[in-house]
Amino acid sequence: MGELAVILVWPALAGYLEAAVAYVGDGVRPGRLSRFAIWGVRIGWLAQTALLVVQATRAEGFPWGTWAGSLNLFVWLVVGAYLIWGCRAPFRLLGLVVMPLAAALFTVAWLSGGAGDEGRSELGDIFLAFHVGLILAAFAGFTLAAGLAGLYLWQERRLKSHAPGVLRQRAPSQLALDTLTGRTILVALPALTLGLAVGLARLGSEGGGFDAVMAVALLTWVAYAAFLFLRYEAGWRGRRTAYLALAAFALVAVALVPVAHF
Amino acid sequence: MHLVLVGTSHHRAPVELREQLYVSAPENPELVRRLAGEEGEAVALSTCNRTELYVVDDDPEAAQERAFAELAALGELSESEIAPSLYTLTDEAAAMHLFRVAASLDSMIPGEAQILGQVRAAYETAKEAGTARQLVHRLFRQALRVGRRVRSETAIGENPASISSAAAELAERVFGTLEGRRILVLGAGKMSDLATVNLISRGVESVFVANRSVERAERLARRFGGRAAGLDAVEPELEHVDIVVASTGSRGHVLSAEQVERAMRLRKGRPIFFVDIAVPRDVDPAVNEIEGCYLYDVDDLERVVEESVAGRREEAVRAEAIVAEEAEGFRAWQLSLDVVPAIASLRARAESIRTSELERAEGRLGSLSPSERRAVESLTAQIVNKLLHAPTVRMKQAAAAADGVVYADAVRHLFDLDDRDSSARQPGE
């Protein structure tokens, strides 16, 4: 691993870990640590951005073609997507889901060599940039949607059980969480569609068999397409769509493992 | 100059006395002018919970007497009658009290938002009346900063402190903003009225009042520009409203779970928030089990308020630390007032000696070029600055340790200084 890459891994990891710990602390005693948490997210994400830039400039081809490299890029996309919402006070609680996950996945990516600057796939660079990039961007969106759905269910349980401290923890409204879950998936699904289309086009032109990776990816697409249909056409709202978003995300988690075989 | 506070608040005086001592906006400027006199400063802070007179004077006892007399006159009472209800604080203690007031730590409900605006209004009135000078400017600007810091650095004002505001905040947790939301009010009593007022203040758009007596329902609906009907019109309305406030005097449930379930099928998953503040309850508790329905009764709301007030008290501990830190800053500034005139006089004396000696040497320096002349000017100024640096620092340190007066007197004596003749820079400017 290049020296500069190593130098950048540490602040990224430290930022994410600090944010994860601060969010847990903020969950226990609301309002005290959220500012530290968001700064951890920002610093970690900026360091990881610099790391990705170093990887992109030093690698001979697409630097995130390996499983660990993809994971590195995936973490960056998830945290980047979170930053869009996480900077707004009511959505900071989402960090309790996102940041421990990001810290854990980034650690795995690093230990598996995905944060170095030697990564290179044997597959074509442009194909990988579109295929892997789009699919990972979609997966990042689905992860965020799952976080929003989880937050919806957690808050619903607190509201329904009349938890006395329900107002002490800052959180978005149920309606906002429900709407954002739907919108995030609405944006992420076209990215997945395009990513899969690029993959299928390459399969058509260069040949090859239909494997388990493709099956899970297509199943994921079907699950999220069904989500959008039920949410926007059949009028599903609230708890049912939250469970559906979480169930579909289970497929994303399954699909992320075979990405190792790219 | 000394700061004297004489006043009373909800801690000491019943509402009847507070009413008598209230200083109205038109009365305030005249009152502070009388309190300040020719040379002094004064501010009158008067709210529904307190009337406090802040007076700055060289003679603290005289200031206290004037404030006592003014308050007795306001209450139309003798000074001995009013004395048990009043408190008097001076200098640092008075400043700390004002900081606690501005931070809403002395309010009936810690964290209430109005007090900071009231402190600002009192200060503005004093400025317009010409009774705010150096000490009042510093004191009140710092008090306003304390209030802002406490609001931004703690969560003291973030949670509800009444049942109606708790209901409104819970509704916001479901819907986000309440702007444009529709509300169904069951019953036309006082409690419905209070809850509805709170919801309307947060943007609720339309109100539908249903009551056993349609006439009473119409009366309440007219207040809010809404519609009214009997209780039999409730079920069809459930399809369209977002919030239901129930407070009838009915003995049984006015809304059953079956009615709500039927309505929810028509609402296509849109949530609905029920506030049942009636005893006995108007809404079947089973409604809370229906997906998309959130039901809070009066006990649930009271628990939320209790938790919220407890949270405010926890935050108050953090706020007290901010107040103490700011009070220490004010104390240091006030103590520095003792030495700043002496320092300014010392520097003025040194500067006058330097310039007069340069003038005396004018004949011998006449042959110098302009740049050589500037070098001599600079050299003499540096010598003066270096000589005065250590005594200046020591005097400031002594001021912080409350020995400032002794050191200032010693310097005045040793250098034969007179503050009145110096062009002393005013501290804090």
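Below, read A as the first sequence line, B as the second, and so on, with proteins coming before strands; counting in each chain starts at 1.
By the 6.0 Å contact criterion, CD on B:E302 is enclosed, its count of non-hydrogen atoms from other residues, nucleotides or ligands being greater than 12. Under a cut-off of 6.0 angstrom, the local environment of CZ in B:R182 is sparse, with at most 12 non-hydrogen atoms contributed by other residues, nucleotides or ligands. Dense packing is recorded around OH of A:Y232, with more than 12 heavy atoms of other residues, nucleotides or ligands lying under 6.0 Å away.
Expressed to the nearest 0.5 Å, how far CG of B:D297 lies from NE2 of A:H162 amounts to 7.0 Å. Note that CG of B:L170 is 6.5 Å distant from CG of A:L159, once rounded to the nearest 0.5 Å. The CZ atom of A:R237 sits 11.5 Å away from atom CZ of B:R267, with the distance rounded to the nearest 0.5 Å.
Counting heavy-atom pairs closer than 4.5 Å to chain B, the top residue among A:D178, A:T241, A:L177, A:L175 is A:L175. Here A:Q174 is the residue among A:R240, A:Q174, A:E156 with the most heavy-atom pairs under 4.5 Å with chain B. For the options B:E172, B:E291, B:R303, B:K268, heavy-atom pairs under 4.5 Å to chain A are most numerous at B:E291. Residue with the most contacts toward chain B among A:P172, A:G238, A:P164: A:P164 (heavy-atom pairs, distance under 4.5 Å).
Interface residues of residues 304-313 of chain B toward chain A, defined by a heavy-atom distance below 4.5 Å and sorted by number: B:V304, B:E307, B:G311.
Proximity to chain A is absent for every atom of B:L301, based on heavy atoms less than 4.5 angstrom apart. For A:A234, no part sits under 4.5 Å from any heavy atom of chain B, backbone or side chain.
Residues A:S173 and B:G176 share a closest heavy-atom pair of CB-N, 3.0 Å.
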